[in-house]
Asks: 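Quick one: this structure, given as C-alpha cells, is what I'll be asking you about.
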Number of protein chains: 2
Amino acid sequence: MIGQKIRELREENDFLLRQLAAKLDIDTAQLSKMERGERLFKKEEIIEIAKILKANEKELLTIWLADKLYKTAEGEKHILDAIKLVEKKLQQK
Amino acid sequence: MIGQKIRELREENDFLLRQLAAKLDIDTAQLSKMERGERLFKKEEIIEIAKILKANEKELLTIWLADKLYKTAEGEKHILDAIKLVEKKLQQK
DNA sequence: TTAAATTAGCCATTATTTGTCAAGTCAATA
DNA sequence: TATTGACTTGACAAATAATGGCTAATTTAA
C-alpha cells in the first residue's frame with residue numbers, strides 16, 4: 001500500500017527505480033521489493049522519499065504506519081475490538 | 001497490559017508463577033517477564049492460559065492483539081489517522 | 001531470619017529481516 | 001529477431017531481533 005503509493009509518486013516524478021534507489025542509497029532490487037510490499041520501508045526512507053518526490057510527509061508516514069498495523073493484525077480475530085482498546089489506551093495518555 | 005491481566009487472573013486462581021509456568025511448560029523466569037511485558041506471549045499460550053484459568057479466550061486474545069498493535073504504533077505520529085486507514089482497509093475485505 | 005517466590009542478567013540458539021549480487025522476464029526498438 | 005533498458009526474482013550471507021534456559025540476586029511473607 002505505501003509501496004504502491006510511492007511507486008505512483010515516483011512515476012509521476014519521472015524517476016526510474018534505480019534513480020530513486022540511488023538517491024536513497026539502497027539497492028535497486030531492494031526498492032523494487034519495497035514498492036511491491038515484499039520488504040518494508042524504514043521510516044527514514046519514507047521521510048527522505050517525501051523530500052525527493054515533493055510529497056506530503058505526514059500522509060506518507062500515516063500510510064506507512066497503517067501498513068505496519070495492518071500487517072500486525074492481519075489474519076487475527078477480533079481486530080476491530082483490539083483497535084478500540086488501542087484507541088482507549090491512547091486517550092489515557 | 002495482557003501480562004497484567006494474566007497476572008491478575010493467575011492470582012485470582014491462586015496459581016504461583018512456577019505452577020502456571022509448569023502447566024505451560026515454560027521457564028518460570030520467562031513467564032515472569034511475560035507478565036511484566038518484557039517478553040511476548042504466543043497466541044497459543046494465551047489460548048492455553050484461558051483454559052487453565054477459566055477465562056474468556058476472546059477477551060484475552062483481544063487484549064493480546066491490542067498490545068501488539070500498541071507496540072507497533074507506540075511513539076509514532078499520526079497514530080489515529082493510521083488506525084482510520086486500517087479500519088477502512090478492513091471494510092474493503 | 002530464612003525459605004519460597006519472583007526478578008534480573010547472561011549467553012547460546014533460533015528466527016526474522018536486510019543487503020548484495022547474478023540471472024531472469026518483458027517491452028520497446030533498431 | 002537481437003539488443004537494450006527497466007524491472008523482478010531467487011539465492012545466500014550478514015546483521016538484528018526474539019526466544020529459551022540457566023543461575024544469581026532480590027523481594028516477600030511467615
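The structure displayed is predicted, hence computed values, not measured ones. By convention in this document, chain letters (A, B, ...) are assigned in the order of the sequence lines, proteins followed by strands, and residues within each chain are numbered from 1.
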Asks: Check the distance between dT16(C)'s P and Lys42(A)'s NZ and give it to me in whole angstrom.
Replies: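 So the NZ-P distance, Lys42(A) to dT16(C), works out to 20 Å.
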Asks: Of the candidate nucleotides dC7(D), dT20(C), dT19(D), which contains the atom at the shortest distance from the side chain of Asp27(A)?
Replies: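 Of dC7(D), dT20(C), dT19(D), dT20(C) is nearest to the side chain of Asp27(A).
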Asks: Are any of Arg10(A)'s side-chain N or O atoms less than 4.0 Å away from OP1 or OP2 of dC7(D)?
Replies: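 Yes, Arg10(A) has a side-chain N/O under 4.0 Å of OP1/OP2 on dC7(D).
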Asks: To the nearest Å, how far apart are Gln19(A) CD and dC7(D) P?
Replies: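 Rounding to the nearest Å, CD of Gln19(A) and P of dC7(D) are 8 Å apart.
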Asks: Apply the salt bridge (Lys or Arg N to Asp or Glu O under 4.0 Å) test between Lys5(A) and each candidate in Glu59(A), Glu11(A), Glu35(A); give the one that qualifies.
Replies: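 Of the listed options, the one satisfying the test is Glu59(A).
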Asks: Out of dT17(C), dC7(D), dT19(D), which has the shortest distance to the side chain of Arg39(B)?
Replies: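 Nearest nucleotide to the side chain: dT19(D).
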Asks: Could you state the atom-to-atom distance from CG of Leu40(B) to C1' of dG20(D) in whole Å?
Replies: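 In whole Å, dG20(D) C1' and Leu40(B) CG are 14 Å from each other.
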Asks: Could you tell me whether a side-chain N or O of Arg36(A) sits under 3.5 Å from a main-chain N or O of Ser32(A), the two making a donor and an acceptor?
Replies: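 Checked: pair present.
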Asks: Does Trp64(B) use its side chain to pair, donor to acceptor, with the backbone of Ile46(B) at less than 3.5 Å?
Replies: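 Not confirmed, Trp64(B) side chain does not pair with Ile46(B) backbone.
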Asks: For a quick test of reading the model: is some side-chain N or O of Arg18(B) closer than 4.0 Å to OP1 or OP2 of dA4(C)?
Replies: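 Negative; the distance criterion is not met.
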Asks: What's the closest nucleotide to the side chain of Leu16(B) if the choices are dT19(D), dC7(D), dA5(C)?
Replies: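 Given the options dT19(D), dC7(D), dA5(C), the side chain of Leu16(B) is closest to dA5(C).
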Asks: Just to be sure I understand the rule, does Arg36(B) reach a base, reach only the sugar-phosphate, or reach nothing, if contact means heavy atoms closer than 4.0 Å?
Replies: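 Sugar-phosphate contact only - Arg36(B) comes under 4.0 Å of backbone atoms but never of a base.
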Asks: Measure CD/Gln4(A) against P/dC7(D) and give the value in whole Å, please.
Replies: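 Interatomic distance, CD of Gln4(A) to P of dC7(D): 16 Å.
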Asks: Please compare Gln30(B) and Gln30(A) by the position of their nearest nucleotide in DNA chain C and report the one closer to 5'.
Replies: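 Closer to the 5' end of DNA chain C: Gln30(B).
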Asks: For Phe41(A) and dT18(C), give me the distance from atom CZ to atom P, rounded to whole Å.
Replies: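 For the pair Phe41(A) CZ and dT18(C) P, the rounded distance is 12 Å.
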Asks: By nearest heavy atom, map Asp25(B) and Glu11(A) onto DNA chain D; which one lands nearer the 5' end?
Replies: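 Residue closer to the 5' terminus by nearest nucleotide: Glu11(A).
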Asks: Taking the minimum atom-to-atom distance to the side chain of Ala29(B), which one of dT23(D), dC7(D), dT19(D) wins?
Replies: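 Selected nucleotide: dT23(D).
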Asks: One thing to verify: whether Lys43(A) and Glu76(B) come together as a salt bridge, which I'm taking to mean a side-chain N less than 4.0 angstrom from a carboxylate O.
Replies: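 Judged by the 4.0 Å cut-off on N to carboxylate O distance, Glu76(B) and Lys43(A) do form a salt bridge.
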Asks: Does a side-chain N or O from Lys33(A) land closer than 4.0 Å to OP1 or OP2 of dA11(D), or not?
Replies: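 Looking at the OP1 and OP2 atoms of dA11(D), neither is under 4.0 Å from any side-chain N or O of Lys33(A).
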Asks: Has Ser32(B) got a side-chain N or O lying under 4.0 Å from the OP1 or OP2 atom of dT6(C)?
Replies: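 Result: no.
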Asks: Check whether any side-chain nitrogen or oxygen of Arg7(A) sits under 4.0 Å from OP1 or OP2 of dT8(D), and answer yes or no.
Replies: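 Looking at the OP1 and OP2 atoms of dT8(D), one of them is under 4.0 Å from a side-chain N or O of Arg7(A).
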Asks: Is a donor on one side and an acceptor on the other found under 3.5 Å between the side chain of Arg18(A) and the backbone of Thr28(A)?
Replies: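 Flag not set: sc Arg18(A) to bb Thr28(A) has no pair under 3.5 Å.
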